[in-house]
Amino acid sequence: MKRLQSNNSIYAFAPSMELALTVSAPSTVIFETIDAFGGQIRTLEDKLENLDFSRVNPATGPVFVDGAQPGDTLAIHIEKIELPKQGAIVTGEGMGVLGDEVEGHATKILPIRDGYVYFDHLKLPAFPMIGVIGVATEDQVFPTGSAHRHGGNMDTKEIAEGTTLYLPIFQPGGLLAMGDVHAVMGDGEVCVSGCEVSSRITVAIDVIKGHQMGWPVVEREDGLYIVVSLPTIEAALHEATREAVIFLQDRRGMTFAQAAMLASLAVDIRISQLVDPYKTVKAFIPREIFEGELF
Ligand code: CA
């Protein structure tokens, strides 16, 4: 099994990136990742205002997948996300949904034990997820803190163990990178961060030739999430809804209006995160209402 260490890190998803590893498809790969703070917050003495922001949001990679070409899809099955013994969360003035009401900065170290994240005496069940995961972009450069069609900082909690993420491939080899694991996070990520942890992620990578969705898609047993990230939450809500309706229209041979009605009855439009430069919305399509396989 191939393993990629966290010193192979990128800070932007671009059309061209210097590759760290080449694999064939299918392959299982381990990505060792550093937390979104670049490992700079380990104790309460490590202050947010002293962070070296050039080290924030590292993603381990990129991995060149032999045979992956523009127009194909990269299928990333997430087998395992390992957690360390603690994570960290921060907030502060100007950060998150309520940044205009928060005074100063606050940091908290969150112990992780036996499948729980401890917030003082509260025990929250750990639910490890990947915040940043993406491929080389079509033409723009997106810092790893942002997200768009290539993936990136989607902060979508369904990108978790046992699920498969599909990313559209724009450049030869795909160039996959990931990082920013959270031990737990609520939809919205309202204070600006989750339980930020370093991790070791095991994924099975494969290529689906000749098929592509417009946006990242997460597949679970119960259905699909189409994950849309755009500069405003309104734009992301509109596009995610539209993508779900067009998907149903194509799959079921319906008119647009019929598909919109079906979506209104059975599709859930949910928020992934409200705090990154591009906001992320997910449209959940339950498996019962589409027919056949995704690809
Ligand atoms: Ca994030």
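Start at 1 with the first residue, then count along the sequence.
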*Can you name the nearest heavy-atom pair linking P58 to D35, along with the distance?*
CD-O, 3.6 Å
*asked:* Counting C-beta onward and ignoring hydrogens, is there a side-chain heavy-atom pair between I271 and T280 closer than 4.5 Å?
replied: no
*Side-chain donor or acceptor of D120 paired with backbone N/O of L122 under 3.5 Å*: no
*Quick one: pull up CZ in F127 and NZ in K157 and give me the separation to the nearest 0.5 Å.*
7.5 Å
_Test your reading of the model: is there a side-chain donor-acceptor pair from Q171 to the backbone of T137, 3.5 Å cut-off?_
yes
*Verify, without hydrogens or angle tests, whether Q40 (side chain) and L51 (backbone) share a donor-acceptor contact under 3.5 angstrom.*
no
*Treating Ile, Leu, Val, Met, Phe, Trp and Tyr as nodes and any side-chain heavy-atom pair under 4.5 angstrom as an edge, say whether L21 and I201 lie in one connected cluster.*
yes
*What about L83 and V203, same hydrophobic cluster or not, with Ile/Leu/Val/Met/Phe/Trp/Tyr joined at side-chain heavy-atom distances under 4.5 Å?*
yes
*Side-chain contact test, heavy atoms from C-beta onward, threshold under 4.5 Å: evaluate it for P15 versus E138 and give yes or no.*
no
*For I30, does its backbone N or O pair with a side-chain atom of R200 as donor and acceptor, under 3.5 Å?*
no
*asked:* Minimum heavy-atom separation for V197 and G87, please, with both atom names.
replied: CG1-CA, 3.6 Å
*asked:* With a 6.0 Å cut-off (strictly less than), is the heavy-atom count around NZ of K80, excluding the residue itself, greater than 12?
replied: no
*So, Q258 side chain and T255 main chain: donor-acceptor pair closer than 3.5 Å or not?*
yes
*Is R55 positioned over the aromatic face of F37, cation under 6.0 angstrom from the ring centre and no more than 45 degrees off axis?*
no
*asked:* With a 4.5 Å cut-off on side-chain heavy atoms, are E196 and H182 touching?
replied: yes
*Are any of the side-chain heavy atoms of P125 and Y116 separated by less than 4.5 Å?*
yes
*Shortest non-hydrogen contact from P277 to G145?*
CD-O, 3.3 Å
_Treating Q273 as the side-chain partner and Y278 as the backbone partner, does any N or O pair qualify as donor plus acceptor under 3.5 Å?_
yes
*CD/Q249 to CE/M254 distance, rounded to the nearest 0.5 angstrom?*
9.5 Å
*Go through the steps for L248 and V267 under the test side chain to side chain contact (heavy atoms under 4.5 Å, CB included), then give the verdict.*
CA-CA 10 Å; L248 290 173; V267 170; 4.0 Å; yes
_Could you go through V275 and V97, starting from their C-alpha distance and side-chain angles, then the distance that decides it, and tell me whether this counts as side chain to side chain contact (heavy atoms under 4.5 Å, CB included)?_
CA-CA 7 Å; V275 296; V97 175; 4.2 Å; yes
*If we only count heavy atoms from C-beta on, is the D180 to D155 side-chain gap below 4.5 Å?*
yes
*asked:* Just so I know, are the side chains of Y11 and P143 near enough to count as touching, which here means a heavy-atom distance under 4.5 Å?
replied: no
*Using a strict 4.0 Å threshold on nitrogen-to-oxygen distance, state whether E221 and R287 make a salt bridge.*
no
*Decide, yes or no, whether a salt bridge links E189 with K279 under the criterion of side-chain N to carboxylate O below 4.0 Å.*
no
_Backbone N/O of I169 and side chain of Q212: donor-acceptor pair under 3.5 Å_ = yes
*With ILVMFWY side chains joined below 4.5 Å, transitively, what does L265's cluster contain besides itself?*
none
*Using the ring of F284 (Phe, Tyr or Trp, six-membered ring only), decide whether R270 places NZ or CZ under 6.0 Å from its centre and within 45 degrees of its axis.*
yes
*Atom NE2 of H77: over 12 foreign heavy atoms under 6.0 Å*: yes
*Answer yes or no: is there a donor N or O on one side and an acceptor on the other, between the side chain of T60 and the main chain of E32, under 3.5 Å?*
yes
*Do L224 and F247 have side-chain heavy atoms sitting under 4.5 Å apart?*
yes
*E49-H105 side chain donor-acceptor pair, cut-off 3.5 Å*: yes
*Verify same cluster id: F295, L74 (apolar side-chain graph, 4.5 Å)*: no
_If the test is side chain to side chain contact (heavy atoms under 4.5 Å, CB included), which one of I133, I130, V218 qualifies with M154?_
I133
*Can I109 be reached from I34 by stepping across I, L, V, M, F, W or Y side chains whose heavy atoms are under 4.5 Å apart?*
no
*Run the numbers on V90 and I41 for side chain to side chain contact (heavy atoms under 4.5 Å, CB included), then give the verdict.*
CA-CA 9 Å; V90 302; I41 298 192; 3.6 Å; yes
*Can you find a pair of side-chain heavy atoms, one from I78 and one from T164, that are under 4.5 Å apart?*
no
*Looking only at non-hydrogen atoms, find the nearest pair between I233 and V281 and report the distance.*
CD1-CG2, 3.5 Å
*Check: H211 main-chain N/O paired with T73 side-chain donor or acceptor under 3.5 Å*: yes
_Atom of F13, atom of V135 and distance for their closest heavy-atom approach_ = CD2-O, 3.5 Å
_Straight-line distance of L167 CG to L176 CG, nearest 0.5 Å_ = 7.0 Å
*Hey, what do you get for OG (S9) to CG (N57), rounding to the nearest 0.5 Å?*
11.5 Å
*asked:* Distance check, rounded to the nearest 0.5 Å: R3 atom CZ versus T28 atom OG1?
replied: 12.5 Å
*Heavy-atom pair with the smallest gap, counting every atom of A240 and V228*: CA-CG2, 3.7 Å
*Examine K108 relative to F119 and say whether NZ or CZ is less than 6.0 Å from the centre of the six-membered ring and inside a 45° cone about the ring axis.*
yes
*asked:* Rounded to the nearest 0.5 Å, what separates atom CD1 in I159 from atom OG in S272?
replied: 7.5 Å
_Under the rule for ring-ring contact (aromatic ring centres under 6.0 Å, His included), what residues qualify as partners of F64, not counting sequence neighbours?_
none
*Go through H150 and F142 one step at a time and tell me if the ring pair (Phe, Tyr, Trp, His ring centres under 6.0 Å) criterion holds.*
CA-CA 9 Å; H150 67 286; F142 283 94; 5.1 Å; yes
*Please say which of I246, I285, I269, T241 ends up in a side chain to side chain contact (heavy atoms under 4.5 Å, CB included) with I226.*
I285
*Got a donor-acceptor contact below 3.5 angstrom from the N8 side chain to the L4 backbone?*
no
*Any chance you could lay out the side chain to side chain contact (heavy atoms under 4.5 Å, CB included) test for L48 and N50, step after step, and finish with the verdict?*
CA-CA 5 Å; L48 191 59; N50 299 330; over 6 Å; no
*Do V217 and F290 sit in the same hydrophobic cluster, where Ile, Leu, Val, Met, Phe, Trp and Tyr count as joined when their side-chain heavy atoms come under 4.5 Å apart?*
yes
_Check K282 with E158, please: is the shortest side-chain N to carboxylate O separation under 4.0 Å?_
yes
